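I have placed the structure first, in the form of structure tokens, so that the comments after it can refer back to it.
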Amino acid sequence: MWREPHEHEITQIDGARLIPLGELPDRLGELDDHAEIVTHCHHGGRSLKALEILRAAGFSRCEACGVGSMHGR
């Protein structure tokens, strides 16, 4: 999940891990590169950027959530 802490407090997904996009490159080692990863953010733009970072780092089982959390309200 690629959200900022204040967004995480507004809308959360059970079991999601909060990693702000700006921290992702430094925290890739915390993620299982064999696990399925779904990126999610408020509008959708950061989740797509996170997906690019993950794929460039060799994560093959990752997808961006279809819509941002703003649309789930």
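Just so you know, residue 1 is the first one in the sequence shown, and it goes up from there. If you're wondering where the values come from, they're calculated on a predicted model, not measured in any experiment.
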Any residue meeting salt bridge (Lys or Arg N to Asp or Glu O under 4.0 Å) with Arg55, in chain and number order, not counting sequence neighbours
Glu63

With a 4.5 Å limit on heavy-atom distance, are the side chains of Asp33 and Arg61 in contact?
no

To the nearest 0.5 Å, how far apart are SG in Cys65 and CG in Leu51?
11.5 Å

Is a side-chain N or O of Thr39 found less than 3.5 angstrom from the main chain of Ser47, in a donor-acceptor match?
yes

Between CD1 of Ile37 and CG of Leu31, what distance do you get to the nearest 0.5 Å?
5.0 Å

Is it the case that the side chain of Arg46 and the backbone of Leu21 share a donor-acceptor pair, with hydrogens and angles ignored and the cut-off at 3.5 Å?
no

side-chain hydrogen bond (donor to acceptor under 3.5 Å, both in side chains) pairs, two or more places apart, involving residues 19-32
Glu23-Arg27, Arg27-Glu30

